[in-house]
Amino acid sequence: MLSQNLKPERKPQHRKSNKPVRKRHLVNLAVVLLCLPALGGQRPAFRQNSDRDISPEESRVQYKTFSSEILAREIPYGLYLPPSYEENDQDYPVVFFLHGANENEKRWSTRGRTDLMLDQMIADGEIGEFIVAIPFGENSFYTNSVSGERWEDMVTEEFMPMIEADHRALGTRAGRAISGVSMGGYGALKLAMKNPGLFGSVSAHSAMLLDDLESTMIRPDLRQLYLALFDEIFGVSESMASWNANNPLGIAREVALDGMKIYFDCGTEDQYGFFTGAEQLHDILDSRSIDHEFYLYPGRHGWDYAREHTAASLKFHWDAFNGD
């Protein structure tokens with residue numbers, strides 16, 4: 001029941017029951033777009049809620065670039081290596097983390113402060129060690145766009161193999177995970193579900209999940225905003241084919257996800273209404289008897305919310321690495 005979902009302290013539930021979950025109305029894209037101001041000439045995107053950049057003095061995250069042949073440019077990325085990485089020769093699991101819109105590879109640390117959180121959890125014995133790699137994804141939704149920019153392929157065909165080849169990674173499905181926030185949560189769920197043989201686990205906070213986009217009515221004065229956000233990537237003014245092929249909700253209805261560990265959460269006050277899509281994803285997985293962890297917690301959209309629940313997804317991935 002939804003009333004259970006609203007309790008942050010409740011135990012994780014692996015959803016296999018067919019119990020009814022109260023429905024909210026489908027989020028109207030026009031309402032979403034009203035909340036999406038254009039920033040500095042960029043495509044409008046999901047602004048993180050009133051967060052400030054912070055540069056932790058103790059951060060060990062390395063910031064590098066690699067040359068992408070697919071995108072024909074240098075791609076920045078962040079790399080977190082475990083505290084004991086230089087002290088042994090063991091191989092480590094890897095979490096690939098995808099940032100949100102109008103963000104970059106540094107936000108995992110500067111806004112999420114996840115590196116410091118991870119170091120502390122390791123020091124406290126709550127979890128073990130793993131590598132985290134964060135590619136820059138522009139505002140691409142980690143998608144091969146209709147305009148020809150292959151951001152999805154950059155991640156799966158170049159970035160991931162490069163990280164695993166250049167560092168002591170396990171390089172196995174069980175030792176490979178993907179996570180993300182907002183646009184990155186969308187990307188993580190999409191890439192995991194489109195490539196179930198690559199990832200043993202996936203997590204998402206406040207994922208951009210919208211289902212019935214085709215039937216949503218857009219006011220004329222919002223037409224340009226709509227096109228700026230989705231048309232360049234998905235070509236939605238001409239066809240819904242790319243949108244549908246890349247929508248985690250649609251993919252979840254069709255793809256075999258046996259053995260994949262799945263976690264996602266969202267704030268009940270998410271100003272873009274993404275809790276509706278999260279509930280829909282839960283219902284889809286539930287109807288197919290696919291184990292997953294799904295939570296609704298009090299909170300809005302952004303890193304203020306995500307930081308409250310990142311420890312849970314880090315622990316989730318560590319447990320998945322260990323077969324729990």
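Remember, it's a predicted structure, so these values are computed and weren't measured experimentally.
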Could you check whether [Y] and [X] have their ring centres less than 6.0 Å apart?
X: W108; Y: Y80; result: yes
X: H301; Y: Y305; result: no
X: F130; Y: F321; result: yes

Just wondering, do [Y] and [X] contact through their side chains at under 4.5 Å, heavy atoms?
X: S109; Y: T114; value: no
X: H205; Y: Y263; value: yes
X: L79; Y: I163; value: yes
X: I178; Y: V95; value: no
X: I75; Y: R73; value: yes
X: T268; Y: Y297; value: no
X: V181; Y: W303; value: yes
X: F316; Y: S201; value: yes

Determine whether more than 12 heavy atoms belonging to other residues, nucleotides or ligands lie under 6.0 Å from atom CD of E238.
-> no
Would you find a donor on one side and an acceptor on the other, under 3.5 Å apart, between the side chain of [X] and the backbone of [Y]?
X: N247; Y: W243; answer: no
X: S140; Y: G137; answer: yes
X: N195; Y: G197; answer: no

With sequence neighbours left out, the residues meeting side chain to side chain contact (heavy atoms under 4.5 Å, CB included) with A278 are F264, C266, F294
Kindly write out the residues that satisfy side chain to side chain contact (heavy atoms under 4.5 Å, CB included) with Q90, not counting sequence neighbours, or none if the list is empty.
-> N88, Y92
Shortest non-hydrogen contact between W151 and E149, atoms and distance | NE1-OE1, 3.1 Å
Please report the closest heavy-atom contact between P83 and D119, naming both atoms and the distance.
-> CG-OD1, 3.7 Å
side-chain hydrogen bond (donor to acceptor under 3.5 Å, both in side chains) partners for S68, two or more places apart = E158
Give the cluster check for V202 versus V255: same hydrophobic cluster or not, with ILVMFWY residues linked at side-chain heavy-atom distances below 4.5 Å.
-> yes
Inspect the contact between D319 and K315 and indicate whether a charged nitrogen and a carboxylate oxygen are less than 4.0 angstrom apart.
-> yes
State whether Y142 and K190 meet the cation-pi test: NZ (Lys) or CZ (Arg) under 6.0 Å from the six-membered ring centroid, and within 45° of the perpendicular axis.
-> no
Just say parallel, tilted or perpendicular for the rings of F199 and F96, cut-offs at 30° and 60°.
-> perpendicular
Side chain to side chain donor-acceptor pair (under 3.5 Å) between Y85 and E87, worked out = CA-CA 6 Å; Y85 186 85; E87 300 171 5; over 6 Å; no
May I have the step-by-step check of side chain to side chain donor-acceptor pair (under 3.5 Å) for S145 and S147, ending in yes or no?
-> CA-CA 5 Å; S145 73; S147 62; 2.7 Å; yes
